[in-house]
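Reviewing the structure listed below.
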Amino acid sequence: MKVTEHIKQSKKTLFSFEILPPLKGQSLNEMLDGISPLMEFNPPFIDVTYHREEYVYKKHPNGLLEKVSTRKRPGTVGICAALMNRFKVDAVPHILCGGFNKEETENALIDLNFIGVENVLALRGDAPKSEGRFVPEENGHNYTNELVSQIVGMNNGKYLHEETETGFQTDFCIGVAGYPEKHFEAPSFKFDLKNLKAKVDAGAEYIVTQMFFDNQKYFDFVKSVREAGITVPIIPGLKPITTLGQITVLPSIFFLDMPDALMDELEKCKTNADVRQVGIEWAIQQSKELVDFGVPCLHYYTMSKAATVHKVASEVF
Ligand code: FAD
């Protein structure tokens, strides 16, 4: 079923979460066993992230370095099939502009349609770590609104290099990302909002936000998005803090602010267990306030820490 249908049919806030494919060479079953306690909260859908290639330098015996491309977390499509099969939930694969040309995107979407996937989260992706800025593939997409248009085209039976629109119609429900604290490349919040609207105008049916730790940022974001004429559901993304290191890592990766009140609590912590407890309590309080606000769904970034999300969800759902 489509994410938007799940939202329409539910009278209360839904629970959902995002998982990362295991690192190459690690077991999928172990990961699925790890998330199975979260099924207690009846997630109607689970997102599976996509990780594009990275470049590493391999040293040869003669001292020469060879630049090789590697994918550290392959398997998004297979994991979607495994999730649907084992847990009878909808899987939402993340589809990137980065690393794909339009033909490869079309083929990936055909595969997903054939295995029964009905939702995708369309994203641009970031530049590989070794490159300073995002560069699309030759004949790829520059921005997510273009990727959304391609998916909408397939939903209308329009495939690449076909003259007529008589192809089989896919029926993907398309989600896109939104940034309560602005996407880091956007010169202004207003500019970013205009681009978010372009994604929705192209056919996106719901928005999932980047993580935030201050609910006011989400409330302000929703107000601005609505004022911009965007009416689709806006699903807040949440992540419980689990380590002290995340205080610096998360702002630098996701370009977000940590509220002073959270920092004050974290600074008092003496052990990792204290930090985890503060992170859990903060996420519970954030979640409860968002439920009261009437959000359609709470979407948790598990980042391989399903047990922490379980503790939060136990107090909220
Ligand atoms: P876009 O919407 O294309 O926007 C990118 C930037 O370009 C923004 O600054 C925007 O304002 C600007 N822009 C957009 N359109 C135009 C235009 N026409 N002209 C000029 N500027 C424009 N990354 C992964 O690699 N894998 C994942 O699985 C993944 N999952 C994610 C899930 C969520 C919920 C979120 C919030 C992010 C996720 N990301 C993931 C990260 C995401 O790929 C990056 O944040 C990326 O930098 C932007 O993606 P986007 O789809 O928001 O890009």
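Each ligand, and each atom within it, is numbered from 1 in the order the structure gives. Values in this document were obtained by computation on a predicted structure and should not be read as measured data.
- Neither the backbone nor the side chain of Val176 has any atom closer than 4.0 Å to an atom of ligand 1 (non-hydrogen atoms only).
- In terms of polar-atom proximity, defined here as any N/O pair under 3.5 Å, Asp192 does make such a contact with ligand 1.
- Phe213 has its side chain within reach of Leu250: a pair of non-hydrogen atoms, C-beta onward, lies under 4.5 Å apart.
- Contact annotation for atom 1 (P) of ligand 1: protein present (non-hydrogen atoms, distance under 4.0 Å).
- Taking any N or O of Arg124, backbone or side chain, at least one lies under 3.5 Å from an N or O belonging to ligand 1.
- Asn156 contributes no side-chain N or O that, together with a main-chain N or O of Lys158, makes up a donor-acceptor pair within less than 3.5 Å.
- Applying the salt bridge (Lys or Arg N to Asp or Glu O under 4.0 Å) definition to pairs two or more places apart or across chains, those involving residues 259-269 are Glu265-Lys268.
- Of the protein's non-hydrogen atoms, the one nearest atom 30 (N) of ligand 1 is His94 ND1, 3.0 Å.
- For ligand 1, the atoms lying closer than 4.0 Å to a non-hydrogen atom of Tyr50 are 24 (C), 25 (O), 26 (N), 27 (C), 28 (O).
- A single hydrophobic cluster is seen to contain both Phe212 and Ile284, as judged by linkage of ILVMFWY side chains at heavy-atom distances under 4.5 Å, directly or through other members.
- Taken from NZ in Lys24 to OG1 in Thr70, the straight-line distance is 3.5 Å, to the nearest 0.5 Å.
- In terms of protein heavy-atom proximity, atom 18 (N) of ligand 1 is nearest to Tyr143 CD1, 3.5 Å.
- Looking only at distances, no side-chain donor or acceptor of Ser10 sits under 3.5 Å from a matching main-chain atom of His6.
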Next item on the list: Walk me through it: do Phe100 and Asn139 pass the test side chain to side chain contact (heavy atoms under 4.5 Å, CB included)?
Entry: CA-CA 8 Å; Phe100 287 87; Asn139 193 31; over 6 Å; no
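- Here is the list of ligand 1 atoms found below 4.0 Å of a heavy atom in Phe191: 20 (C), 21 (N).
- Not a single donor-acceptor pair under 3.5 Å links the side chain of Thr76 to the backbone N or O of Val48.
- Backbone and side-chain nitrogen or oxygen atoms of His183 are examined, and one is located within less than 3.5 angstrom of a nitrogen or oxygen of ligand 1.
- In terms of protein heavy atoms, atom 12 (C) of ligand 1 is closest to Asn195 ND2, 3.5 Å.
- Listed by number with element, the atoms of ligand 1 under 4.0 angstrom from any heavy atom of Leu96 are 24 (C), 25 (O), 26 (N).
- Using a 4.0 angstrom heavy-atom cutoff, Phe134 does not count as in contact with ligand 1.
- The protein non-hydrogen atom at the shortest distance from atom 40 (C) of ligand 1 is Leu123 CD1, 4.0 Å.
- Residue contact check for ligand 1: Val48 places no non-hydrogen atom closer than 4.0 Å to it.
- For a threshold of 3.5 Å applied to N or O pairs, the pair formed by Glu18 and ligand 1 contains no separation below that value.
- The line from CD of Glu106 to CG of Asp111 is 11.5 Å long, rounded to the nearest 0.5 Å.
- A heavy-atom distance below 4.5 Å is not found between the side chains of Val278 and Asp274.
- In this structure, Glu227 pairs ionically with Lys223, as a charged nitrogen and a carboxylate oxygen lie closer than 4.0 Å.
- Those atoms of ligand 1 that come under 4.0 Å of a heavy atom in Glu185, given as number and element, are 9 (O).
- Checking only distances, Lys199 does come within under 3.5 Å of ligand 1, N or O to N or O.
- When only interatomic distances are considered, the shortest N/O to N/O separation between Asp126 and ligand 1 falls below 3.5 Å.
- Between the side chain of His183 and the backbone N or O of Glu185, at least one donor-acceptor pair lies under 3.5 Å.
- Close approach of ligand 1 to Thr49 is summarised as follows: ligand atoms under 4.0 Å from at least one heavy atom of the residue are 28 (O).
- At a heavy-atom distance under 4.0 Å, only side-chain atoms of Tyr301, from C-beta outward, approach ligand 1.
- Taking Glu30 as the reference, nothing meets the side-chain hydrogen bond (donor to acceptor under 3.5 Å, both in side chains) condition, with sequence neighbours excluded.
- Set against the non-hydrogen atoms of Ala177, the atoms of ligand 1 under 4.0 Å away are 35 (C), 36 (C), 52 (O).
- Between Gly178 and ligand 1, no pair of N/O atoms sits closer than 3.5 Å.
- Regarding atom 3 (O) of ligand 1, its nearest protein heavy-atom neighbour is Thr144 N, 3.0 Å.
- Here the side chains of Glu103 and Leu160 are in contact, with some heavy-atom distance below 4.5 Å.
- Heavy-atom proximity to Ala186, at under 4.0 Å, picks out these atoms of ligand 1: 9 (O), 11 (O).
- The shortest contact between atom 42 (C) of ligand 1 and any protein heavy atom is with Tyr179 OH, 3.8 Å.
- In this structure, the side chains of Tyr206 and Cys173 come closer than 4.5 Å at one or more pairs of heavy atoms.
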